[in-house]
Amino acid sequence: MDIDDLAKGIIAGERRALARAITLVESGRADHRAAAAELLTKLPTDRQALRIGLSGTPGVGKSTFIESFGMMLTGQGKRVAVLAVDPSSTRSGGSILGDKTRMDRLSREPKAFIRPSPSQTHLGGVARRSREAVRLCEAAGFDVVLIETVGVGQSETVVAEMSDAFVLLLAPAGGDELQGVKRGIMEIADLIVINKADGDLKSTAARTRADYAGALRLLRKRPQDPEGYPRATAVSALEEHGLDETWTALQELIGWRRENGFWDRTRAAQARYWFEQDVKQRLLAQMETPQARDDLHRLSDAVADGARDPAEAAAEFVRRLRSDQD
């Protein structure tokens with residue numbers, strides 16, 4: 001694979017080059033990781049897309065919302081990339097990766113790009129290399145990048161570390177969701193969208209939106225929010241109602257953050273966060289050498305037999321790991 005040619009293809013907006021590059025950055029092979037690092041250094045850093053993280057409870061209609069929302073944006077002339085993360089099986093390690101099938105219209109749209117990825121063992125609702133995939137989409141000239149997480153829960157808060165705005169999608173009359181959603185994800189949401197506001201559920205969705213609007217007012221005000229944010233809206237992705245209001249709300253929020261310096265500060269803090277995460281991953285990778293695995297198994301067996309103290313055995317393992325690196 002010629003890295004220079006791949007970089008030129010991405011900068012030119014070639015979809016095939018972008019797909020190959022995402023496959024490269026998602027690979028765990030050492031030579032692919034080195035090639036991916038080289039590729040990222042050859043891409044421009046002045047192209048910035050609006051990164052929107054999106055999560056929601058199972059069955060809330062995330063795929064339908066993303067498709068309708070994406071079609072609305074492409075209708076306005078914008079290029080939209082969708083990075084959808086599917087949960088991986090803890091037994092087989094496989095994923096269904098069916099998002100392109102569920103977004104049939106958007107997958108055929110020339111201005112859109114959909115990339116499903118497996119979560120593998122990475123927690124946080126996103127794939128391990130999702131942030132690098134976002135960088136690639138920006139370099140390819142996309143205006144909006146939608147990052148769909150695997151589900152909703154407190155671990156899904158990691159997506160906030162790679163997005164400019166975080167949208168939480170909920171269904172009307174979904175039970176005691178104010179308890180079920182958990183405070184952690186409520187506190188990072190910039191916009192709560194009540195989907196399926198159509199048919200018999202229209203009035204219920206309006207009440208649910210009002211309930212969440214009241215709940216948001218009880219949260220401590222964040223410095224990165226203008227007056228009236230975070231806010232709750234109601235949409236029908238099926239009938240495509242309320243999508244304009246959601247997009248307008250996001251534009252107002254991002255515009256205010258740009259004008260008041262929060263955009264640049266947040267992006268700088270996110271870069272620092274992912275640098276520290278990458279350092280931790282590289283340190284953990286040192287435990288995967290044959291010698292380190294042998295030491296780990298030997299010491300863990302000794303601890304299980306009661307022959308070694310866990311803390312003392314852990315200290316010895318770290319000492320041996322350091323000596324192997326010297």
Side-chain angles (χ1 to χ4, degrees), residues 6 9-10 13-29 32-33 36 39 49-74 78-153 155-156 158-163 166-169 195 237:
L6 191 59
I10 294 170
E14 296 176 8
R15 298 159 66 93
R16 187 173 181 179
L18 176 59
R20 291 180 63 200
I22 294 178
T23 299
L24 180 66
V25 301
E26 288 179 344
S27 174
R29 281 176 43 174
H32 287 176
R33 294 302 312 142
L39 173 64
L50 174 56
R51 307 170 182 173
I52 301 174
L54 191 140
S55 188
T57 49
V60 74
K62 290 195 296 291
S63 296
T64 306
F65 174 82
I66 290 174
E67 180 171 58
S68 297
F69 192 65
M71 291 298 293
M72 180 197 70
L73 294 177
T74 56
K78 293 180 173 56
R79 298 185 67 206
V80 178
V82 178
L83 301 177
V85 181
D86 271 5
S88 297
S89 169
T90 55
R91 293 186 178 182
S92 67
S95 297
I96 296 175
L97 302 178
D99 293 270
K100 292 189 75 169
T101 303
R102 293 194 295 268
M103 304 177 198
D104 182 54
R105 287 188 301 150
L106 192 62
S107 65
R108 298 196 306 267
E109 169 58 49
K111 294 188 182 69
F113 174 84
I114 303 175
R115 173 68 181 220
S117 298
S119 63
Q120 297 175 327
T121 58
H122 188 66
L123 297 178
V126 294
R128 180 177 172 182
R129 300 297 173 182
S130 288
R131 184 178 182 273
E132 293 174 352
V134 171
R135 276 275 324 272
L136 294 171
C137 291
E138 287 185 322
F142 284 93
D143 303 301
V144 179
V145 180
L146 299 174
I147 311 159
E148 179 194 1
T149 70
V150 297
V152 64
S155 68
E156 254 61 27
V158 174
V159 75
E161 297 294 346
M162 65 177 73
S163 56
F166 183 75
V167 176
L168 179 60
L169 204 63
N195 194 22

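Predicted model only: the values in this text are computed from it and were never measured.
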Search all heavy atoms of [X] against all heavy atoms of [Y] and return the closest pair with its distance.
X: Ala140; Y: Arg79; result: O-NH1, 2.8 Å
X: Phe142; Y: Ala49; result: O-CB, 3.2 Å
X: Ser163; Y: Gly53; result: CB-N, 3.4 Å
X: Gly70; Y: Val80; result: O-CG2, 4.2 Å
X: Cys137; Y: Val145; result: CB-CG2, 3.9 Å
X: Met71; Y: Thr74; result: O-OG1, 3.0 Å

At what distance, to the nearest 0.5 angstrom, does [atom1] of [X] lie from [atom2] of [Y]?
X: Ile147; Y: Met162; atom1: CD1; atom2: CE; answer: 6.0 Å
X: Leu24; Y: Leu136; atom1: CG; atom2: CG; answer: 8.5 Å
X: Leu54; Y: Phe166; atom1: CG; atom2: CZ; answer: 7.5 Å
X: Leu6; Y: Arg20; atom1: CG; atom2: CZ; answer: 5.5 Å
X: Leu106; Y: Leu146; atom1: CG; atom2: CG; answer: 8.5 Å
X: Thr64; Y: Met103; atom1: OG1; atom2: CE; answer: 8.5 Å

Within the structure provided, determine whether [X] and [Y] are in side-chain contact (heavy-atom separation under 4.5 Å).
X: Val159; Y: Ser55; result: no
X: Leu39; Y: Ile10; result: yes
X: Ser130; Y: Leu83; result: no

Practice item. Could I get the full list of ring-ring contact (aromatic ring centres under 6.0 Å, His included) partners for Phe65, not counting sequence neighbours? Key: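 Applying ring-ring contact (aromatic ring centres under 6.0 Å, His included) to Phe65 gives Phe69.
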
Is [X] reaching over with its side chain to a backbone N or O of [Y], donor-acceptor style, under 3.5 angstrom?
X: Asn195; Y: Ala237; result: yes
X: Asp143; Y: Lys78; result: no
X: Arg15; Y: Ala112; result: yes
X: Glu67; Y: Arg105; result: yes

Check your understanding: Sequence neighbours excluded, which residues qualify as salt bridge (charged side-chain N to carboxylate O under 4.0 Å, His left out) partners of Glu132?
Key ->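 With sequence neighbours excluded, Glu132 shows a salt bridge (charged side-chain N to carboxylate O under 4.0 Å, His left out) to Arg33, Arg129, given in chain and number order.
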
Exercise for review: Name all residues meeting the side chain to side chain contact (heavy atoms under 4.5 Å, CB included) criterion together with Thr23; count only those two or more places apart in sequence or in a different chain, and write none if there are none.
Suggested key: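 So Thr23 forms a side chain to side chain contact (heavy atoms under 4.5 Å, CB included) with Arg115.
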
Practice item. Report the residues that fulfil side chain to side chain donor-acceptor pair (under 3.5 Å) with Glu138, sequence neighbours left out, ordered by chain and then residue number. Key: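 Once residues adjacent in sequence are excluded, the partners of Glu138 under the side chain to side chain donor-acceptor pair (under 3.5 Å) criterion are Arg51, Arg267.
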
Practice item. Return the set of residues passing side chain to side chain donor-acceptor pair (under 3.5 Å) with Arg108 (not counting sequence neighbours), or none when no residue passes. Key: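 Residues passing side chain to side chain donor-acceptor pair (under 3.5 Å) with Arg108: Asp104.
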
